[in-house]
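In what follows, a single structure is set out as structure tokens and then discussed.
Everything quoted here is computed from the prediction, not taken from an experiment.
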Amino acid sequence: MPRPALLPALAALTVMSLGLAACSGDKPSAAPTTPSPSTTTTTTTAAPTPAGPQPLVGGPVLAVKIDNTPAAHPRIGLDVADVVYVEPVEGGLTRLLAIFSRTQPPEVGPVRSGRESDVDLVANYGKVALAFSGSSSYTKRILDRGKQVNLSFDQNGRGYHRDHSRPAPYNVIGNPKELLARAGGSVKPADIGFRYGPAADGGKAGTSVAARWPSSRVTLTWNAKRKQYLVTTDGRPDVSPSGRQYGAGTVVVQYVATHKSGNRDVNGQPTPVVDVVGSGKTVVLRDGKQWTGRWSRKGVTAPTSFTVGAQPLTFNPKGPVWVLLVAPGQGVTVR
């Protein structure tokens, strides 16, 4: 295989008073409304069929912050994401960071505010585009120091529009084609360390994983007919606007240390920051099986490896990789 640009897949890629509390650090948006985008999905690069563990080849990367509270349903575009990170935010809630490279959907959202963790999460992809709506002044300073191309809705409305059938602030919708153009095209993914191909040897039954944060629950359950782990959020099937439940080809539980940011929301709650550089335990689920191993990342621009012994833990080339970023000792049940 010629030396291609390498693509990520899931890891610490090595995602109503409680909802408002998590977003209370966001700035209000006054950006103009833009026309609704086309309904045609853009596919940039077909997935390879590797003979052994391989990175995926993708097009320019768009990373998008997406809300993960009930008011944001239905979310848009997650079915064609390459990687979806579920990261903790204020108030015990979670938010999604979705990575699009092989395929860009016509729309994505609802787009919400950026967080300090996003800088390290996207750093090993390269100088890629990051779309978000709002950030506290503290967080903005952190984001401005990152290597990514920031596409803030508050600073420029190009590539966004408001869907007035949804309540604000859960109605900012992004147009990936326009956002990538605004970013100057972004770049193709560097090697983030994910490897796709035939499953590792061994493994045992792994048909479901349930992760619990203080105010958020995400469950993924194996569906043999779909050959995916179907997503349920806060006890509710997570479906697209067409009514099809979102699924993952691979689920990664990545145990990461978490520390408190200097940022506080309006209720005085600190922002949690995940430490995705270092090493720790991981559980990888695919094809109805699970493997327990280790993840390792030497620096912010370094790949994240997932291994069991000396063997790489490979991901399913089909379907998104969902990475659950959880603290050691957090409530996670894998069956």
Side-chain angles (χ1 to χ4, degrees), residues 10-13 15-26 63-78 81 83-99 108-122 130-136 139 169-170 208-221 229-239 246 248 251-261 263 265 267 269-276 283 320-334:
L10 248 198
L13 214 152
V15 121
M16 168 179 285
S17 58
L18 287 174
L20 292 174
C23 309
S24 54
D26 304 357
V64 187
K65 290 308 297 290
I66 298 178
D67 195 273
N68 199 35
T69 59
H73 290 252
R75 269 83 65 78
I76 304 170
L78 295 179
V83 183
V84 179
Y85 297 95
V86 183
E87 63 178 281
V89 294
E90 303 85 355
L93 293 165
T94 57
R95 188 153 292 174
L96 306 181
L97 177 65
I99 307 293
V108 64
V111 182
R112 296 305 308 277
S113 58
R115 290 295 186 275
E116 189 173 336
S117 295
D118 302 334
V119 174
D120 285 355
L121 281 172
V122 303
L130 173 63
F132 58 94
S133 175
S135 62
S136 69
T139 303
Y170 310 97
S208 71
V209 55
R212 296 172 296 282
W213 292 262
S215 303
S216 180
R217 291 177 295 143
V218 176
T219 302
L220 296 103
T221 304
Y229 291 85
L230 303 188
V231 184
T232 299
T233 304
D234 297 324
R236 172 182 178 182
D238 208 332
V239 300
Y246 286 123
V251 184
V252 177
V253 181
Q254 186 174 353
Y255 290 89
V256 294
T258 302
H259 67 271
K260 295 179 181 179
S261 167
N263 187 58
D265 67 11
N267 296 316
Q269 297 188 71
T271 298
V273 180
V274 293
D275 299 325
V276 293
V283 180
V321 176
W322 278 59
V323 180
L324 311 180
L325 299 169
V326 301
Q330 181 177 329
V332 179
T333 302
V334 181

Would Asn68 and Arg75 satisfy side-chain contact (heavy atoms from CB on, under 4.5 Å), going step by step from the backbone distance to the final call?
-> CA-CA 8 Å; Asn68 199 35; Arg75 269 83 65 78; 2.9 Å; yes
Of all the heavy-atom pairs spanning Leu93 and Ser215, show the shortest one and how long it is.
-> CD2-O, 3.2 Å
Contacts of type side chain to side chain donor-acceptor pair (under 3.5 Å), residue Thr271, not counting sequence neighbours = Glu90, Asn263
Just checking, any donor-acceptor pair under 3.5 angstrom between side chains of Arg95 and Ser113?
-> yes
Ignoring hydrogens and geometry, is there a side-chain-to-backbone donor-acceptor pair from Asp238 to Thr232 under 3.5 Å?
-> no
Between the NE2 atom in His73 and the OH atom in Tyr170, the distance rounded to the nearest 0.5 Å is 11.0 Å
What closest approach, in Å, do Tyr246 and Gly77 show between heavy atoms, and which atom pair accounts for it?
-> OH-N, 3.4 Å
Stepwise side-chain contact (heavy atoms from CB on, under 4.5 Å) check, Leu130 with Asp118 = CA-CA 9 Å; Leu130 173 63; Asp118 302 334; 4.2 Å; yes
Taking every non-hydrogen atom, the tightest pair across Glu87 and Ser117 | OE1-CB, 3.6 Å
Would you confirm whether Asn267, through its side chain, and Gln269, through its main-chain N or O, come within 3.5 Å as a donor-acceptor pair?
-> no
Would you sort out whether Leu324 and Val251 count as a side-chain contact (heavy atoms from CB on, under 4.5 Å), showing the intermediate values?
-> CA-CA 8 Å; Leu324 311 180; Val251 184; 4.2 Å; yes
Donor-acceptor contact below 3.5 Å, side chain Asp234 vs main chain Arg236 | no
Smallest separation among heavy atoms of Leu78 and Val84, with atom names = CD2-CG2, 4.3 Å
Should Tyr255 and Val332 be marked as a side-chain contact (heavy atoms from CB on, under 4.5 Å) after you check the CA-CA gap, both sets of side-chain angles, and the distance that decides it?
-> CA-CA 10 Å; Tyr255 290 89; Val332 179; 3.8 Å; yes
Under the criterion side-chain contact (heavy atoms from CB on, under 4.5 Å), which of Val231, Leu230, Val253 is the partner of Leu220?
-> Val231
Val218 and Val86 have their tightest heavy-atom pair at CG2-CG1, 4.3 Å
If you look at every heavy atom in Ala248 and Trp322, which pair is closest and at what distance?
-> CB-CD1, 3.4 Å
